[in-house]
Amino acid sequence: MVKYWLMKSEPSECSIDSLAHLPKKTIEWFGIRNYQARNFMRDEMKLGDLAFFWHSSCKEPGIYGIVEVSTEVHPETTQFDLESDYYDPASTAENPRWWCVDIRLFKKTRYVSIKELREYPELSDMQVLKRGNRLSITKLTKTEWEFINKLLLQ
DNA sequence: GCCAACGTTGGC
DNA sequence: GCCAACGTTGGC
């Protein structure tokens with residue numbers, strides 16, 4: 001059973017275009033340091049799950065593409081990297097604290113702004129549209145996924 | 001740049 | 001285990 005997600009990324013860190021230009025259009029979803037988001041990846045994401053790719057903390061927030069989960073869950077690499085901002089001294093190889101998947105660009109889509117998404121009552125329960133939402137990985141229902149997919153064809 | 005909302009930390 | 005203080009997120 002494929003699950004549907006929405007994954008936020010700051011374009012200054014990894015934009016849809018930087019993803020598109022990677023050799024295999026694939027990147028480890030590094031840097032997640034929030035337990036809820038980690039648990040989604042560690043416990044629920046499966047190879048082949050699909051997600052909308054969202055630009056956040058930028059001038060034009062919203063959906064820019066579709067990505068797929070391209071690996072099983074594995075320990076996240078930057079937690080062990082002394083040079084990295086995401087280095088976590090409490091994490092060990094035997095007992096890693098942070099887990100993640102890799103994602104691959106499935107396709108770029110038209111830009112759907114947060115403003116547009118807010119216009120549809122069908123999407124009013126989407127977590128990413130809720131006030132105060134900060135979670136960088138959220139779940140979508142199949143209905144929401146299909147509704148947005150139709151929007152993307154317009 | 002503002003600021004509301006949220007998650008995390010740490011003293012007790 | 002509570003909860004105040006703090007730091008961060010992220011749309012506006």
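Since this is a predicted model, take the numbers as computed values, not measurements. Naming: A, B, ... by sequence-line order, numbering from 1 per chain.
For A/Ile114 and C/dG11, the CD1 to P distance is 5 Å, given to the nearest whole Å. The CZ atom of A/Arg97 sits 14 Å away from the C1' atom of B/dG7 (whole-angstrom rounding). Atom CG of A/Asn34 is separated from atom C1' of C/dG10 by 14 Å (rounded to the nearest Å). Residue A/Asp85 contributes atom CG, which lies 16 Å from atom C1' of C/dT9 at whole-angstrom precision. When the P atom of C/dT9 is taken as reference, atom CD1 of A/Ile137 falls 14 Å away, rounded to whole Å. Atom pair A/Trp98:CH2 and B/dG7:P shows a separation of 13 Å (rounding to whole Å applied). Atom pair A/Glu60:CD and C/dC12:P shows a separation of 13 Å (rounding to whole Å applied). A/Leu6 has its CG atom 15 Å from the C1' atom of C/dT9, to the nearest Å.
Side-chain proximity of A/Tyr35 to the nucleotides C/dG10, B/dT8, C/dC12 is greatest for B/dT8. Comparing B/dG7, C/dG10, C/dG11 by their closest approach to the side chain of A/Lys8 singles out C/dG10. Among C/dG11, B/dT8, B/dG7, the nucleotide with an atom closest to any side-chain atom of A/Gln36 is B/dG7.
Taking only side-chain nitrogens and oxygens, A/Trp54 comes nearer than 4.0 Å to OP1 or OP2 of C/dG11. Dashed line: the shortest gap from a side-chain N or O of A/Arg131 to OP1 or OP2 of C/dG11 is not under 4.0 Å. Between A/Arg33 and C/dT9, a side-chain N or O to OP1/OP2 separation shorter than 4.0 Å is absent.
In this structure, A/Tyr64 and A/His55 have parallel ring planes: the angle between them is below the 30° cut-off, well short of the 60° mark.
The ring of A/Phe80 has its center no closer than 6.0 angstrom to the ring center of A/Tyr87. Under the 6.0 Å cut-off for aromatic ring centres, A/Phe40 and A/Trp5 qualify, their centroids lying closer than that.
Between A/Lys142 and A/Glu146 there is a salt bridge, since a side-chain N of the basic residue sits under 4.0 Å from a carboxylate O of the acidic one.
Side-chain atoms of A/Asp49 come within 3.5 Å of backbone N or O of A/Lys3 as a donor-acceptor pair.
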